[in-house]
Participant: 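Handing you this structure, nothing more for now.
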Amino acid sequence: MALVQRGDARAFEAVYDRHGGAAFSLAYRISGNRAAAEDIVQEAFLSVWRSAVRYQPERGNLRSWLLSVVHNRAIDWLRRAVSQDRGRVDAEGIEERKAAPELTDSEAFRREEAQTVRAAMERLPADQLRVVELGYFGGFTHSQIAEMLSMPLGTVKGRMRLALDKMRDGLGEAVA
């Protein structure tokens with residue numbers, strides 16, 4: 001990576017060859033779309049090339065840093081996709097947006113439940129929220145999260161447990 005930071009294109013190719021597969025796998029797992037995953041990886045590696053000086057080996061290994069860049073790009077892609085879908089729905093006629101009557105109750109319940117979960121997550125401390133997001137939305141294992149965040153595995157597991165306990169308590173109050 002030191003060579004990449006000095007602008008060595010061959011070194012960058014080696015970094016891509018070594019980590020491109022894992023990057024694509026992560027992007028595909030988050031986006032669920034092959035073309036989008038390819039775009040996400042391309043954007044992420046372009047960002048890595050342009051801002052290679054941001055990589056600090058003392059803060060974690062290269063793979064973890066690269067995958068966190070890919071993860072952030074994939075989350076940005078998801079947010080854009082949701083925003084664009086919302087815009088398309090707003091442009092459609094009201095009849096086209098109307099759900100089938102048999103789905104209305106379940107859809108309303110699902111939305112209310114999602115809102116409740118989001119509210120419980122918003123009450124979590126930032127360090128616990130990050131671990132939950134990486135684990136449940138990013139699909140990372142505890143070991144991968146520990147590596148990405150450069151922290152002991154026990155700390156990751158502890159934060160996950162505390163976060164889930166707090167959410168369980170918060171959701172219990174919301175249900176009651």
Side-chain angles (χ1 to χ4, degrees), residues 1-57 59-92 96-97 99 103 107 110-111 113-115 117-118 121-122 124 126-151 153 156-157 159-160 163-164 167:
M1 193 59 188
L3 293 173
V4 173
Q5 290 174 330
R6 287 187 232 132
D8 187 330
R10 287 196 190 277
F12 184 71
E13 286 178 35
V15 168
Y16 180 81
D17 289 343
R18 189 171 297 146
H19 303 288
F24 176 80
S25 178
L26 173 61
Y28 184 75
R29 197 170 7 162
I30 293 172
S31 69
N33 180 312
R34 183 174 183 78
E38 290 170 354
D39 288 345
I40 290 165
V41 170
Q42 182 179 2
E43 285 180 27
F45 273 91
L46 184 60
S47 173
V48 166
W49 174 252
R50 288 181 178 161
S51 62
V53 293
R54 288 187 183 167
Y55 172 65
Q56 299 171 358
R59 295 192 67 205
N61 70 33
L62 176 60
R63 187 179 192 91
S64 297
W65 181 70
L66 284 168
L67 291 179
S68 68
V69 171
V70 171
H71 178 263
N72 291 336
R73 292 290 173 162
I75 296 300
D76 291 345
W77 178 87
L78 281 175
R79 288 180 181 141
R80 282 192 307 268
V82 167
S83 176
Q84 290 170 353
D85 285 347
R86 197 174 291 139
R88 272 187 244 129
V89 168
D90 289 345
E92 294 174 355
E96 294 173 12
R97 288 190 288 166
L103 296 178
E107 182 65 20
R110 188 193 64 74
R111 287 183 182 174
E113 193 174 58
Q115 238 175 354
V117 170
R118 262 189 244 107
M121 286 182 70
E122 288 174 359
L124 293 175
D127 58 344
Q128 292 174 12
L129 178 62
R130 181 76 173 142
V131 170
V132 169
E133 287 175 335
L134 289 171
Y136 286 93
F137 301 113
F140 293 104
T141 65
H142 290 142
S143 299
Q144 291 170 322
I145 295 169
E147 188 177 323
M148 287 174 71
L149 299 178
S150 302
M151 64 178 58
L153 179 60
V156 170
K157 289 181 177 183
R159 288 182 181 174
M160 183 71 75
L164 294 178
M167 286 185 64

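What you are looking at is a predicted structure, and each value in this text was computed from that prediction instead of being measured. Computed from heavy atoms alone, side chains included, the values below leave out hydrogens, waters and symmetry copies.
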Participant: Can you name the residues that form a side-chain hydrogen bond (donor to acceptor under 3.5 Å, both in side chains) with Ser64, not counting sequence neighbours?
Facilitator: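 Once residues adjacent in sequence are excluded, the partners of Ser64 under the side-chain hydrogen bond (donor to acceptor under 3.5 Å, both in side chains) criterion are Asn61, Glu147.
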Participant: Let me confirm one number: the CG-CZ distance from Leu26 to Arg73, rounded to the nearest 0.5 Å.
Facilitator: 13.5 Å
Participant: About how many Å separate CD of Gln42 and OG of Ser47, when rounded to the nearest 0.5 Å?
Facilitator: 12.5 Å
Participant: Can you name the residues that form a side-chain hydrogen bond (donor to acceptor under 3.5 Å, both in side chains) with Thr141, not counting sequence neighbours?
Facilitator: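 Thr141: side-chain hydrogen bond (donor to acceptor under 3.5 Å, both in side chains) contacts with Gln144.
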Participant: Would you name the heavy atoms of Arg63 and Ala22 that are closest together and state the gap between them?
Facilitator: NH2-CB, 2.8 Å
Participant: To the nearest 0.5 Å, what is the distance between CD1 on Ile75 and CD1 on Ile30?
Facilitator: 5.0 Å
Participant: Using 0.5 Å steps for rounding, measure from the CD atom of Gln56 to the CG atom of Leu62.
Facilitator: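 Going from the CD atom of Gln56 to the CG atom of Leu62 covers 13.0 Å.
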Participant: Mind checking what makes side chain to side chain contact (heavy atoms under 4.5 Å, CB included) contact with Phe24, not counting sequence neighbours?
Facilitator: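 Applying side chain to side chain contact (heavy atoms under 4.5 Å, CB included) to Phe24 gives Tyr28, Arg34, Ala37, Glu38, Val41.
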Participant: Can you list everything that forms a side-chain hydrogen bond (donor to acceptor under 3.5 Å, both in side chains) with Asn72? Sequence neighbours excluded, please.
Facilitator: none
Participant: Output, in order, the C-alpha distance, side-chain angles, deciding distance and verdict of side chain to side chain contact (heavy atoms under 4.5 Å, CB included) for Arg130 and Arg159.
Facilitator: CA-CA 9 Å; Arg130 181 76 173 142; Arg159 288 182 181 174; over 6 Å; no
Participant: Can you check side chain to side chain contact (heavy atoms under 4.5 Å, CB included) on Val131 and Leu149, steps first, answer last?
Facilitator: CA-CA 9 Å; Val131 170; Leu149 299 178; 4.2 Å; yes
Participant: Between Trp65 and Tyr55, how do the two ring planes meet: parallel, tilted or perpendicular, split at 30° and 60°?
Facilitator: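 Trp65 vs Tyr55 ring planes: tilted.
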Participant: Could you pull out the closest heavy-atom pair between Ala23 and Val70, with the gap in Å?
Facilitator: O-CG1, 3.5 Å
Participant: Look up atom OG in Ser68 and atom CD1 in Ile145, then write down how far apart they are to the nearest 0.5 Å.
Facilitator: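 Reported value, rounded in 0.5 Å steps: 12.5 Å.
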Participant: Are the side chains of Leu134 and His71 in touch, meaning some heavy atoms are under 4.5 Å apart?
Facilitator: yes
Participant: Sequence neighbours left out, what passes salt bridge (Lys or Arg N to Asp or Glu O under 4.0 Å) with Glu13? Give chain and number order.
Facilitator: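 By the salt bridge (Lys or Arg N to Asp or Glu O under 4.0 Å) rule, Glu13 matches no residue at all.
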Participant: Looking at every heavy atom in both Val132 and Ala163, which two are closest together, and how far apart are they?
Facilitator: CG2-CB, 3.4 Å
Participant: Measuring from Met148:CE to Leu67:CG, what's the distance to the nearest 0.5 Å?
Facilitator: 6.5 Å
Participant: Closest heavy-atom contact between Phe45 and Leu66?
Facilitator: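 Result for this residue pair: CE2-CD2, 4.2 Å.
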Participant: Determine the minimum heavy-atom distance between Val156 and His142, stating which atoms define it.
Facilitator: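 Shortest heavy-atom separation between Val156 and His142 comes out as CG1-O, 3.9 Å.
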Participant: Go through the structure and list residues passing salt bridge (Lys or Arg N to Asp or Glu O under 4.0 Å) with Asp76, not counting sequence neighbours.
Facilitator: Arg79
Participant: Ser31 side chain to Ala36 main-chain N or O, any donor-acceptor pair under 3.5 Å?
Facilitator: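 A pair under 3.5 Å: no.
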